[in-house]
Amino acid sequence: MTITAFPHAMPIEGFIGGLLIGLSAAIMLLGSGRIAGVSGMAARAFLLNKNETPLSTAILFIIGLPLGAHIIQWVNGPIESHFTPSVIILATGGFLVGIGTRLGSGCTSGHGVCGISRLSPRSIIATITFMITGIITVTFVDFMGWGW
Amino acid sequence: MGVVMKNAFIALLSGLIFGAGLALSGMADPHRVRSFLNIFGDWDPTLAFVMGGAIIVMALAWLIQKRITKPFATDSFLLTSTNNIDPKLIGGASIFGMGWGLAGLCPGPAFAALVINPIEALIFAISLFAGMAAYALISHFRIGS
């Protein structure tokens, strides 16, 4: 199915993928009693977060991400992906995401999926905030002609 | 199966399904993610469908969570009870959004993309680690002083 106004959109694949992401977070919550927040898990796996999550949980969760993507690639064929050709944009983006997610205690998964579904005011405000600065940044990047 | 093994299995399974969901939904493609944020340009609403699907399932999980006393494999839920909306939250979310918009990547898709565009994803992941380490260093000295 395609949306006429947005021919590039993948609503069905997006929704099914979303259901899987929700299932993953539900398994982590009801199975191990923890939030499947990728930035928190990554910081824990990198030894930069001293919380009560066992190191093995954090490391296995992070390793699972590329393995899961690999399974889809294996079953469905190559995944279309377009990265910026600029190493500077990649590195600056990564650095800002690293600092920002630690300072703001979460990213798209922790605040966006787990927090919003719990109706946490903190997560709703965080998600609105990073969506707004994300929109401003993309608009700025395209204005400067750095888009891809 | 022992407690450690149960939790290890849950963590790996959760990560696998998460990575599969990201890859299937097109979220491992930074161009598609940035196109969602490009509301003044060639907008791609796919990310909204991803968030919708994920939030529906997770909302059900929270309803179940309220009705059970402990998780399947551990003794208690480890959930934050912080509810304050402070400059730290707003500042952090703002900086995260800038990086997200700049590279079209947040942490989950970056790790999933390690098997799709390994070099680019690795550059982003190392920079992500550097940013987290910089934050740890700054907060260490601020608490230390």
Side-chain angles (χ1 to χ4, degrees), chain A residues 8-11 14-15 17-22 24-29 31-34 38-39 43 48 56-57 60-61 64-66 68-70 72 79 81-83 90-91 93-104 107-108 113 117-118 125-126 129-130 133-135 137-139, chain B residues 7 10-12 14-21 23-26 29 31 34 37-38 44-46 49-50 53-55 57-59 61-62 71-72 74 77-78 85 92-103 106-108 111-112 114-117 120 123-124 127-128 131-132 135-136:
Chain A
H8 305 300
M10 308 197 306
F15 187 71
L19 293 177
L20 286 177
I21 293 168
S24 149
I27 289 171
M28 184 60 87
L29 176 68
S32 289
R34 288 174 169 81
V38 181
S39 59
L48 294 170
S56 58
T57 295
L60 286 168
F61 177 78
L65 296 172
H70 191 69
I72 294 296
I79 296 160
S81 183
H82 309 276
F83 277 68
L90 273 178
F95 193 80
L96 292 176
V97 170
I99 288 196
T101 52
R102 298 304 296 139
L103 190 63
C107 59
T108 343
V113 174
S117 58
R118 195 188 183 189
I125 294 293
T129 306
F130 62 67
T133 58
I135 288 167
T137 307
V138 166
T139 307
Chain B
N7 280 293
I10 288 166
L12 186 62
S14 176
L16 277 172
I17 297 174
F18 204 117
L24 195 68
S25 62
D29 179 356
H31 178 75
R34 86 186 294 278
L37 297 169
N38 195 9
D44 180 337
T46 307
F49 289 90
V50 181
I55 287 170
V57 178
M58 234 354 233
W62 283 116
F72 172 70
T74 52
F77 287 100
L78 186 78
I85 293 157
S94 300
I95 295 170
F96 163 49
M98 286 178 211
W100 189 37
L102 198 58
C106 52
F111 292 115
L114 284 169
V115 293
I116 303 164
N117 284 57
E120 289 91 339
I123 293 169
F124 184 90
S127 312
L128 175 85
M132 287 182 167
Y135 171 78

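Chain letters run A, B, ... following the sequence lines, proteins first, then strands; residues in each count from 1.
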In sequence, state the C-alpha distance, the side-chain angles, and the governing distance for A:T133 and B:F96, and then conclude on side-chain contact (heavy atoms from CB on, under 4.5 Å). CA-CA 8 Å; A:T133 58; B:F96 163 49; over 6 Å; no
side-chain contact (heavy atoms from CB on, under 4.5 Å) assessment of B:V50 paired with A:I21: CA-CA 8 Å; B:V50 181; A:I21 293 168; 3.8 Å; yes
Begin with the C-alpha distance, continue with both residues' side-chain angles, and end with the deciding distance and a verdict on side-chain contact (heavy atoms from CB on, under 4.5 Å) for A:I79 and B:D29. CA-CA 8 Å; A:I79 296 160; B:D29 179 356; 6.0 Å; no
Derivation of the side-chain contact (heavy atoms from CB on, under 4.5 Å) call for A:L29 and B:W62: CA-CA 8 Å; A:L29 176 68; B:W62 283 116; 3.8 Å; yes
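Contacts of A:L90 with chain B are made by both backbone and side-chain atoms, with heavy-atom separations under 4.5 Å. Both the backbone and the side chain of B:N7 come within contact range of chain A, judged by heavy atoms closer than 4.5 Å. For chain B, the nearby part of A:I72 is the side chain; its heavy atoms alone come within less than 4.5 Å.
Note: B:P107 leads B:G108, B:P107, B:A103 in heavy-atom pairs under 4.5 Å with chain A. Taking chain A as the reference chain and counting heavy-atom pairs below 4.5 Å, the highest number among B:A23, B:A54, B:A59 is found for B:A54. Your options are B:C106, B:A20, B:A61, and the one with the most heavy-atom pairs under 4.5 Å with chain A is B:A20. Across A:G17, A:A26, A:G31, the residue that shares the most heavy-atom pairs under 4.5 angstrom with chain B is A:G31.
The shortest non-hydrogen separation linking B:I95 to A:L96 is CG2-O, 3.3 Å.
When atom types are taken as modelled, the side chain of A:T57 and the backbone of B:A11 share no donor-acceptor pair closer than 3.5 angstrom.
Note that CZ of A:F15 is 13.0 Å distant from CG of B:L24, once rounded to the nearest 0.5 Å.
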